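Predicted model, so just to flag it, every value in this text is computed and none were measured. Letters A, B, ... mirror the listed sequences (proteins, then strands); counts begin at 1.
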Amino acid sequence: MPTYWTKTLIPTLRQVPAEAEVPSHQLMLRAGYLRKLSAGVYDYLPLGWRSLRKAMQIVREEMDAIGAAEVFLPAMQPIELWERTGRRIAYGQNLFVVKDRHGREHALGPTHEEVITELVSAYIESYKDLPKVLYQIQTKFRDEFRPRFGVLRSREFQMKDAYSFHLNLDGPPGSGSLSETYDAMHGAYCKIFQRCGIPYMVVEAESGPIGGSASHEFMCPSPTGEDVILQNDAGYAANVEKCETGKRTFDINAAPTGGLQEIYTPDCKSIDDLCAQWKEFAGGGKLKPENTLKTRVYEIRVYKRTGDDWAIWIAVVRGDREVNDGKVRHHIEQQYKHNIDVLRVEVAPISDERAQDLGIPLGFIGPHFVGSVTEPKLQARIWNIFDYEAANGGFWVTGGNRVNYHVRHYCMRREFGWNDHDGPITCDILNLIHHTQITDIRNAVEGDPAPEDRGGGTLKVTKGIEIGHIFKLGYKYTEALEVTVVNENNEPVKPMMGCYGIGVNRILASAIENEQGHDDNGIIWPRALAPFDVLLVPIKYDGQVKDVTDNLAAEMEAAGTDVLIDDRDERPGVKFKDADLIGVPLRVTIGEKGLSEGMVEVKSRNGRINEKVAPDSAAARIAQLLASL
RNA sequence: CGGGGUGUAGCUCAGCUUGGUAGAGCGCUUCGUUCGGGACGAAGAGGCCGCAGGUUCAAAUCCUGUCACCCCGACCA
């Protein structure tokens with residue numbers, strides 16, 4: 001049966017609701033796809049739900065095609081599971097927690113690793129049961145601090161999550177390794193986004209707090225995207241958390257620009273404030289952020305078999321750059337990698353209280369902090385890590401290592417105590433004597449050199465919407481929840497996991513958000529996601545026009561085409577405007593004028609098709625045209 | 001959670017400074033004329049001015065509190 005406009009619910013809005021900022025949000029509200037119930041919580045109206053279901057179905061088909069089995073899991077999950085995996089704390093405030101009448105707490109699942117792992121632990125006992133790939137498409141919950149951009153960042157959303165379980169990371173084809181499934185998922189994701197007709201790119205990603213070794217994000221390039229992607233011309237693409245830079249030059253022997261001078265800078269802890277007030281502090285002149293050195297202090301906890309230890313690392317980048325926590329963490333972890341005594345290393349920005357206890361004046365720290373420390377126990381534990389860019393000569397302003405003071409004419413070589421006649425220092429000397437290392441620790445920016453082994457060249461910045469993410473998870477959940485299977489030798493072993501998510505609502509938003517997805521008049525759907533394939537617009541739904549419309553609709557529906565009939569008693573202008581707004585790919589206009597010439601008019605929303613067809617052959621022609629979209 | 005802003009009709013907003021019985025446009029209802037790109041005329045319906053206190057003869061308007069929403073930041077598989 002075709003759908004009649006007057007029977008369904010399509011509340012189009014002439015004006016843009018004030019709350020909507022990005023095109024997808026504005027248009028989904030205006031075109032009657034969505035209604036906001038409260039912050040970050042939306043009703044999907046008939047059009048919205050139809051489109052969402054189309055996206056879900058594509059995802060479902062491609063998951064099934066690679067042998068994944070669909071399940072349906074609880075949204076309400078015992079909090080105990082989340083405590084056992086440590087994710088109650090890791091998720092923190094973003095986790096929705098509800099209490100039942102007995103006072104027991106439950107998490108409203110933002111993902112289902114815990115639940116699926118528990119499920120698998122109950123039934124999977126032997127290596128012969130592996131690999132196993134399960135997935136679900138369900139509502140997930142996140143207590144976002146700040147929901148925004150409509151369905152792009154909401155508190156309730158539809159996710160496809162797939163989880164796989166394996167004996168091995170790698171292996172020959174057909175061995176059921178994690179890598180094999182990971183690659184199959186990678187392929188399935190490409191097919192899904194292709195079928196949905198949305199532009200996408202695959203970028204390398206940090207696996208983040210979820211843990212694991214390898215990870216890719218699927219991004220839809222869009223100016224409204226919240227994620228920053230860097231890429232070179234040779235096909236290297238990574239998100240900003242992951243993106244490495246190629247070689248950048250540095251000069252640790254550069255001469256100072258003047259004698260080190262203390263400047264009194266009361267209560268001035270940020271680079272922005274420092275630059276803004278520099279004139280009064282320094283008695284004239286201007287200071288730009290790129291002439292400052294920013295320091296961030298990390299505390300490292302080292303858990304060893306022979307007793308725990310700790311250290312302080314000071315990360316130094318140019319004042320206008322951002323320290324990349326992940327790069328700092330990786331670099332520090334590398335330092336302990338070959339020490340078999342070390343069980344685990346924790347790297348975290350130092351807390352205010354801890355800094356106070358140790359006498360570290362946060363906000364006024366410079367890279368030469370160690371020189372101002374008199375306590376030998378602390379002194380021996382301090383390490384520096386410079387970004388390449390920060391290890392250069394030139395005019396530098398940085399912290400004075402004393403509350404309310406900064407210094408100017410900072411010079412690395414001199415501040416480490418080397419005189420002009422001492423000859424050049426080397427990286428080895430810096431490392432051995434000064435506990436100081438130089439590497440890439442800041443977020444990559446537009447124009448940085450790309451890594452040489454990834455094709456080199458220059459990095460360019462693109463913004464994107466994250467629509468999919470695949471991880472090799474490893475043992476995080478099977479270990480925490482104590483899952484074992486027996487191997488060929490009847491020995492208990494932990495299976496390893498992969499997890500693979502797709503934000504289904506974001507598929508819709510991305511389709512609209514990208515350039516081909518909308519114009520000034522409304523949405524332009526790719527056929528695969530459109531709520532209907534064809535919109536029939538009878539100029540006046542009456543008499544011969546009505547008969548032709550109904551016959552055409554019946555014929556097309558019989559052939560499996562989704563048809564919407566605008567049977568409203570509205571003026572043609574209103575119908576055409578609404579047709580453009582809701583974005584159905586093909587519009588067929590049936591009017592007395594056309595019929596008198598024996599024609600109906602077929603137009604595509606994307607503007608490529610505009611032809612007149614005899615009513616009798618219209619259904620066949622439309623089917624043809626649809627196939628070409 | 002810090003900073004800023006807004007809550008008045010289904011939607012977009014005015015009115016608030018200077019207290020005196022609630023407004024416009026769009027949408028909705030009825031009638032008429034229209035009818036291939038958001039028609040025109042006439043007549044209507046619709047709001048405890050977010051909520052709770054307070055000041056006052058009188059509060060949408062002033063004060064206090066509270067809630068919700070939006071923006072920037074921080075945060076974010």
Notebook entry, point to check: Between A/K463 and A/E226, is there a salt bridge with N-O shorter than 4.0 Å?
Noted result: no
Next item on the list: On RNA chain B, check which nucleotide each of A/P147 and A/E226 is closest to and give me the residue with the more 5' one.
Entry: A/P147
Check: Start at the 5' end of RNA chain B and walk down; is the nucleotide closest to A/N94 or to A/R568 reached first?
Finding: A/R568
When the [atom1] atoms of [N] and [M] are considered, how many whole Å apart are they?
N     : M     : atom1 : result
B/G15 : B/G47 : C1'   : 14 Å
B/G7  : B/C75 : P     : 31 Å
B/U61 : B/G19 : P     : 12 Å
B/C49 : B/U8  : C1'   : 4 Å
B/A74 : B/A58 : C1'   : 47 Å
B/G27 : B/C63 : P     : 38 Å
B/C48 : B/G10 : P     : 9 Å
B/U18 : B/C62 : P     : 9 Å

By the 4.0 Å heavy-atom rule, please label [X] as base, sugar-phosphate, or nothing.
X      : result
A/K140 : nothing
A/G594 : base
A/E21  : sugar-phosphate

Using whole Å, what does the distance between atom [atom2] of nucleotide [N] and atom [atom1] of [X] come to?
X      : N     : atom1 : atom2 : answer
A/D566 : B/G36 : CG    : C1'   : 13 Å
A/L535 : B/G37 : CG    : P     : 16 Å
A/D520 : B/G37 : CG    : P     : 19 Å
A/D227 : B/C76 : CG    : C1'   : 10 Å
A/I465 : B/C76 : CD1   : C1'   : 16 Å
A/R155 : B/C75 : CZ    : P     : 21 Å
A/K612 : B/G36 : NZ    : P     : 14 Å
A/I539 : B/C35 : CD1   : P     : 13 Å

Checklist line | A/Y182 six-ring face occupied by A/K472 cation (under 6.0 Å, within 45°) | finding: yes
Check: Taking the six-membered ring of A/Y475 as reference, does the NZ or CZ atom of A/K494 fall below 6.0 Å from its centre and within a 45° cone about the axis?
Finding: yes
Next item on the list: For A/K546 and A/D567, run salt bridge (Lys or Arg N to Asp or Glu O under 4.0 Å): C-alpha distance rounded to whole Å, both residues' side-chain angles, the deciding distance at 0.1 Å, then the answer.
Entry: CA-CA 9 Å; A/K546 179 174 188 292; A/D567 59 333; over 6 Å; no
Closest to the [X] side chain: [options]?
X      : options             : result
A/D578 : B/C35, B/G38, B/G37 : B/G38
A/R571 : B/C70, B/U34, B/G36 : B/U34
A/R14  : B/G37, B/G27, B/C35 : B/G27
A/S38  : B/C69, B/G37, B/G36 : B/C69

Notebook entry, point to check: So, is A/K36 near the phosphate of B/C70, with a side-chain N or O under 4.0 Å from OP1 or OP2?
Noted result: yes
Next item on the list: Quick one: which residue pairs count as a side-chain hydrogen bond (donor to acceptor under 3.5 Å, both in side chains) with a foot in residues 588-599 of chain A, not counting sequence neighbours?
Entry: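 Listed once each, the pairs are A/R587-A/T589.
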Check: Is the gap between the ring centers of A/F218 and A/H216 under 6.0 Å?
Finding: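 No.
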Next item on the list: Check whether the ring centres of A/Y42 and A/H25 lie less than 6.0 Å apart, and answer yes or no.
Entry: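 Yes, they do, as the ring centres are separated by less than 6.0 Å.
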Mate of [N] where both pairing distances stay under 3.5 Å, Watson-Crick or G-U:
N     : result
B/G2  : B/C72
B/G65 : B/C51
B/G32 : B/C40

Notebook entry, point to check: Do the ring planes of A/F141 and A/F96 sit parallel (below 30°), tilted (30 to 60°) or perpendicular (above 60°)?
Noted result: perpendicular
Note to self: Parallel, tilted or perpendicular: which one describes the rings of A/H469 and A/F471, with boundaries at 30° and 60°?
What the structure shows: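 A/H469 vs A/F471 ring planes: parallel.
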Notebook entry, point to check: Does a donor on one side chain and an acceptor on the other come within less than 3.5 Å for A/K140 and A/H112?
Noted result: yes
Item checked: No-H, no-angle donor-acceptor pair, A/R153 side chain to B/C76 base, under 3.5 Å ->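 Between B/C76 and A/R153, which were checked side chain against base, a qualifying N/O pair under 3.5 Å is present.
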Note to self: Does A/R148 contact B/G73 through a side-chain donor or acceptor facing the base, at a distance under 3.5 Å?
What the structure shows: no
Any protein N or O atoms within reach of nucleotides 7-12 of chain B? Criterion: under 3.5 Å, listing atom names and distances.
residue : atom : partner : partner atom : Å
B/C11   : O2   : A/Q15   : OE1          : 3.0
B/U12   : OP1  : A/A18   : N            : 2.8

